[in-house]
K.L.:
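Right, I'll just put the structure down here and ask away after.
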2 protein chains.
Amino acid sequence: MQIGELARSTGVKIETIRYYEREQLLPVPQRTDGNYRLYSPRHVEQLRFIRYCRSLDMSLEEVRLLIEARDAPAGSCLTVNALLDEKIAEVDARVNELHKLQDQLRQLRGLCQQPDEVKTCGILMELNRSARIDKAQI
Amino acid sequence: MQIGELARSTGVKIETIRYYEREQLLPVPQRTDGNYRLYSPRHVEQLRFIRYCRSLDMSLEEVRLLIEARDAPAGSCLTVNALLDEKIAEVDARVNELHKLQDQLRQLRGLCQQPDEVKTCGILMELNRSARIDKAQI
DNA sequence: TGAAAAGCCTGAAGTGGCTTCAGGGTCAAG
DNA sequence: CTTGACCCTGAAGCCACTTCAGGCTTTTCA
Ligand SMILES: [Zn+2]
Ligand SMILES: [Zn+2]
Ligand SMILES: [Zn+2]
Ligand SMILES: [Zn+2]
């Protein structure tokens, strides 16, 4: 199976597949005489594994750790658990941030019901005011 | 006021301030004889404006648009309203994604109560299973 | 007075996770 | 034999910064 078919059957772009190979997340495939990459079912699985982890918001570094853990079946899965706990905490924190952001954005949006002139626009006035009194403090 | 004081009084790193200048988000400051940047209160306000917009998750390109709108007080604020509406929709969508992600992560985490061997770890087994049946489809 | 320390300068490169581009080579069909 | 689909490589671009290398200016204080 060459790279185009792998791409089609996983929904991953060709360039991304080559990128994962460079990053050593996918094992180096065989080559044809014409230097085309040749993939096996094992590659399909590994690529899907990567994409599934990515869909769970894992970084490539974290995916690398998971692959390592998975391929050392004698070890314990402590690191896997820790990684997931950390990820859950991260996502929870991000959701909280975004909830606050939603409130702020909606409140700001409410300050301009119908488009006025810039001079009197509640949104721009509030943005300027916030800048002056330094509401930011991220 | 030189760059260090501006940085201290706004909480923005010196390198970031210089970066904003390169990106033409901050007006070019005066210079001393020794080529040090000299800022005015106007710069402080503009920098705070930028950071407040950034804290609302605006991109620098969007901040640029807001600054333009603000500085053309004769125009209408239609673009500002549209920008905010779009941003609100983006954040809402992201929050929904993250809620789904929270569910998935918690469910996955529940598959390994106490750290086993890798061979029998419910988390790794599920990751492998998901890869095989292609649950991903991001 | 002279040297160390603190502050500032520039341009370039690095970050992550890809995507895009330029400039080719390989292979099957007509 | 040529067209077009497919593949190759290495380099650069994206965003919003951060870091680094190497050097200049100003203040401090012994
Ligand atoms: Zn809320
Ligand atoms: Zn308005
Ligand atoms: Zn919620
Ligand atoms: Zn486990």
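Given the structure is predicted, the values throughout are model-derived calculations rather than measurements. Here is how names work: the chains are called A, B, and so on, in the same order as the sequence lines, proteins then strands, and each is numbered from 1.
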K.L.:
Please report, rounded to the nearest Å, how far the C1' atom of C:dC18 is from the CZ atom of A:R54.
P.N.:
9 Å

K.L.:
Any Lys/Arg nitrogen of A:D85 or B:R109 sitting under 4.0 Å from an Asp/Glu carboxylate oxygen of the other?
P.N.:
yes

K.L.:
Can you tell me how far P of C:dA13 sits from OH of B:Y19, to the nearest Å?
P.N.:
17 Å

K.L.:
Separation of A:Q2 atom CD from D:dC8 atom P, in whole Å?
P.N.:
8 Å

K.L.:
Below 4.0 angstrom, N of the basic side chain to O of the carboxylate: do A:E61 and A:R64 qualify?
P.N.:
yes

K.L.:
How would nucleotides 19-26 of chain D be written as a contact map, 5' to 3', with B for base contact, S for sugar-phosphate-only contact and - for no contact, using protein heavy atoms under 4.0 Å?
P.N.:
B-----BS

K.L.:
If I take atom CD1 in residue A:I3 and atom P in nucleotide C:dT26, what distance separates them, rounded to the nearest angstrom?
P.N.:
17 Å

K.L.:
Identify whether NZ of Lys or CZ of Arg in A:R31 sits under 6.0 Å from the centre of the six-membered ring of A:Y36 and within 45° of that ring's axis.
P.N.:
no

K.L.:
Distance check needed: C:dT19 C1' versus A:Y20 OH, whole Å only.
P.N.:
12 Å

K.L.:
In whole angstrom, what separates A:L47's CG from C:dC18's P?
P.N.:
11 Å

K.L.:
So, does A:R31 get its side chain near the phosphate of D:dT9, meaning an N or O under 4.0 Å from OP1 or OP2?
P.N.:
yes

K.L.:
Any side-chain to backbone donor/acceptor pair from A:T10 onto A:L6? Under 3.5 Å, distance only.
P.N.:
yes

K.L.:
Under a 4.0 Å threshold between the charged nitrogen and the carboxylate oxygen, would A:E45 count as salt-bridged to A:R48?
P.N.:
no

K.L.:
So, does B:R37 get its side chain near the phosphate of C:dC8, meaning an N or O under 4.0 Å from OP1 or OP2?
P.N.:
no

K.L.:
Does a nitrogen or oxygen in the side chain of A:R51 sit under 4.0 Å from OP1 or OP2 of C:dC18?
P.N.:
yes

K.L.:
With a 4.0 Å cut-off on N to O distance, would you call A:K87 and A:E90 a salt bridge?
P.N.:
yes

K.L.:
C:dT19, OP1 or OP2 - any side-chain N/O from A:T16 closer than 4.0 Å?
P.N.:
yes

K.L.:
Looking just at side-chain N and O atoms, do B:Q102 and A:R94 make a donor-acceptor pair shorter than 3.5 Å?
P.N.:
no

K.L.:
Rounded off to whole Å, could you give me the CD-to-P distance for the A:E21 and D:dC8 pair?
P.N.:
9 Å

K.L.:
Taking atom P of C:dT20 as reference, at what distance in whole Å does atom CZ of A:R22 sit?
P.N.:
14 Å

